[in-house]
Amino acid sequence: MSLAANSLHTPAYEVHPASQIQWSDAPPLTQDMLNGTFWSLGDVNRGMFSRFMVLAPEGMIGNYFDPSVDFWHVMGGRLCLIDRDGLPSVIFDSAHIEGGNLMALAGRGVVGGVDATYLLVPADHPPHPLFSTPVGVERKANFLVQPQEGLRRPNLVVVPAGSKSLHPRWFEKIDDASRNWDLCIGYYGAETPEVSGSPYEYLAHLPKTKKFRIIYDLFHQGSPLWNYERIWLPDDDLLCDGEDINRMFHLSHKHGLDLAQPSLKKGPGSYPNHPLTVQRPNSVVRFEGFVEIMCPVFSLRALHICIESMKDVESGYGLDHLWPSFLGRPVARMAIIDAISVAHTRPLGATYNVNAAVEEQAALFRTYQYTPLKYAGVW
């Protein structure tokens, strides 16, 4: 049995009453089967009131926050939503199945003080509200260079790079024998890629393409880039060295982080975007609820959940708020790594229209039904 993970199925449960749907006992489910899956949540009276909810790692509920839906767990083969007191709020014991596909789950319970029959319908990330790729258009990067099968380090750095990229500096203070990361270059210049200034394991040419669109195209289904444990997605104007990157990955592994970033240097030649991310003395790993788009480090499971949000974004504004939401705000697995710092060598807004970026952010928040949180030290 597979999940019919397509948001196009959701309207059927708003047009047709649930009583007209053929229901049966829910098949046995497992944590592994449901971990990282996307759903629309609603009830038979009000319809679908949360169009994108995530069953996130470690039982967290992503992108829907209510005291009565604090956690998820599978008990006796049934998916249960758990309230903040540890009691089941909804047990999904019925299912709608067509052609071997799980189309919906249903169960009686109380959410937000409302006693009703609740529905969960498999969903996808919604299309970008402003720049959506037309249906049927394939998005897949072709690698000009990639290593032989099996010859991989455990971690991966993916940099969308132009002719002035600083990534060659990242190989200072490191050699191939001690480096714990591979490098993938997604070259966005219109000219033939000139990347002879440093080693690299992967190279793709995606001319005149924005950062997160490049990343999405590189991580297509079946891409070899999915074979890594941790993935760093830095801008190409960051300055650091290979020892810093090695240690960043090491600490991310050691502390079990799903989402992290290196801290930012403060001083001449470095332009931090947020006071929160500036390096703090006498700190190694600082658990925070915010990680900025300039240099996020993802666990593999976190990137699987977040990658579709990058598909069509122009600026990336707002993604750093949405990613923690998708993961259920796992503050014990999100951090700024103060043990190392990077210099941001270009000021904020040097290469894009800030007003347009803010408008894109607002449109994304509406699409994901996301209410922004206020973070101290985030502008």
Side-chain angles (χ1 to χ4, degrees), residues 155-174 181-191 193-200 202-218 231-249 260-279 290-298 310 313-320 323 336-338 340-358 360-361 378-379:
N155 308 301
L156 179 66
V157 177
V158 179
V159 59
S163 60
K164 297 181 180 179
S165 175
L166 297 180
H167 72 268
R169 300 284 300 275
W170 303 347
F171 288 87
E172 296 175 0
K173 298 185 179 181
I174 201 76
W181 46 277
D182 285 343
L183 176 66
C184 173
I185 300 172
Y187 196 80
Y188 59 73
E191 69 279 5
E194 174 47 61
V195 290
S196 59
S198 75
Y200 56 87
Y202 302 87
L203 173 64
H205 189 201
L206 299 97
K208 300 182 180 180
T209 304
K210 298 292 186 178
K211 173 180 177 175
F212 289 106
R213 294 175 183 173
I214 289 175
I215 291 167
Y216 177 85
D217 290 354
L218 289 168
I231 300 98
W232 189 36
L233 307 177
D235 287 359
D236 67 348
D237 62 348
L238 299 181
L239 190 58
C240 60
D241 62 45
E243 285 186 351
D244 290 334
I245 299 173
N246 258 37
R247 192 175 188 199
M248 175 191 70
F249 279 124
Q261 71 165 90
S263 65
L264 273 293
K265 292 183 185 296
K266 185 177 182 180
S270 184
Y271 303 89
N273 293 336
H274 307 286
L276 178 71
T277 65
V278 172
Q279 187 178 34
F290 178 85
V291 165
E292 61 187 317
I293 59 174
M294 183 168 59
C295 49
V297 184
F298 286 88
M310 308 178 197
V313 293
E314 180 75 11
S315 66
Y317 263 47
L319 292 180
D320 37 16
W323 295 335
I336 295 169
I337 301 174
D338 286 316
I340 70 159
S341 62
V342 299
H344 184 211
T345 62
R346 286 197 297 258
L348 177 68
T351 58
Y352 57 90
N353 183 319
V354 174
N355 290 332
V358 171
E360 181 184 17
Q361 173 179 273
V378 176
W379 294 337

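We use all heavy atoms of the structure for the numbers below, so side chains are in, but hydrogens, waters and symmetry mates are not.
Between Gly189 and His205, the shortest heavy-atom distance links the atoms O-NE2, 2.6 Å. Between Val159 and Ser165, the closest heavy-atom pair is CG2-OG, 4.5 Å. The heavy-atom pair separating Pro207 from Ala190 by the smallest distance is CB-CA, 4.0 Å. Residue Pro199 comes nearest to Leu183 through the heavy atom pair O-CD2, 3.5 Å, listed as atom of the first residue, atom of the second, then distance. Scanning all heavy atoms of the two residues, the minimum distance from Val278 to Ser263 falls at C-CB, 4.3 Å. The heavy-atom pair separating Val158 from Ile215 by the smallest distance is CG1-CG1, 4.5 Å.
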Applying side-chain contact (heavy atoms from CB on, under 4.5 Å) to Glu172 and Glu243, what does each step give before you reach the verdict? CA-CA 8 Å; Glu172 296 175 0; Glu243 285 186 351; over 6 Å; no

Show, in sequence, the C-alpha distance, side-chain angles and deciding distance for Val157 and Phe249, and conclude whether the side-chain contact (heavy atoms from CB on, under 4.5 Å) test is met. CA-CA 10 Å; Val157 177; Phe249 279 124; 3.8 Å; yes

Stepwise side-chain contact (heavy atoms from CB on, under 4.5 Å) test for Val342 and Leu264: CA-CA 5 Å; Val342 299; Leu264 273 293; 3.9 Å; yes

Val297 vs Trp232, side-chain contact (heavy atoms from CB on, under 4.5 Å): CA-CA, chis, key distance, verdict: CA-CA 4 Å; Val297 184; Trp232 189 36; 3.3 Å; yes

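Residues that satisfy the side chain to side chain donor-acceptor pair (under 3.5 Å) test with Thr345, not counting sequence neighbours, are absent from this structure. Residues that satisfy the ring pair (Phe, Tyr, Trp, His ring centres under 6.0 Å) test with Phe171, not counting sequence neighbours, are Trp181. When the salt bridge (Lys or Arg N to Asp or Glu O under 4.0 Å) test is applied to Arg247, no partner is found at least two apart in sequence or on another chain. For Pro296, the side-chain contact (heavy atoms from CB on, under 4.5 Å) test picks out Leu233, Leu259, Val291, Phe298, Trp323, with sequence neighbours left out. Applying the side-chain contact (heavy atoms from CB on, under 4.5 Å) test to Glu191 and every residue at least two apart in sequence or in another chain returns Ser163, Tyr187. Evaluation of the ring pair (Phe, Tyr, Trp, His ring centres under 6.0 Å) rule for Tyr202 yields Phe143 as partners, not counting sequence neighbours.
Here Ser341 contributes atom OG and Lys266 contributes atom NZ; the two are 13.5 Å apart, rounded to the nearest 0.5 Å. The distance from the NZ atom of Lys208 to the CZ atom of Arg213 is 14.5 Å, given to the nearest 0.5 Å. Here Asn155 contributes atom CG and Asn246 contributes atom CG; the two are 8.0 Å apart, rounded to the nearest 0.5 Å. Atoms CG and NE2, on Leu239 and His344 in that order, are 11.5 Å from each other to the nearest 0.5 Å. Atom CD1 of Ile231 is separated from atom CG of Asp182 by 11.5 Å, given to the nearest 0.5 angstrom. The structure places CG of Asp237 at 12.0 Å from NZ of Lys164, a figure rounded to the nearest 0.5 Å.
The shortest distance between side-chain heavy atoms of Cys184 and Leu218 falls below 4.5 Å. Two residues are said to be in side-chain contact when any heavy atoms from C-beta on lie closer than 4.5 Å; Phe212 and Pro160 fail this criterion. For the pair Leu238/Cys295, a side-chain contact is recorded, criterion being any heavy-atom separation below 4.5 Å from C-beta on. Looking at Gln261 and Met248, their side chains never come closer than 4.5 Å, going by heavy atoms from C-beta outward.
With Glu360 contributing its side chain and Ser315 its backbone, the two residues share a donor-acceptor pair below 3.5 Å. Side-chain atoms of Lys211 come within 3.5 Å of backbone N or O of Ile293 as a donor-acceptor pair. A side-chain donor-acceptor contact under 3.5 Å links Gln279 to the backbone of Asp338.
Taking the ring centroids of Phe290 and His274, they lie under the 6.0 Å cut-off.
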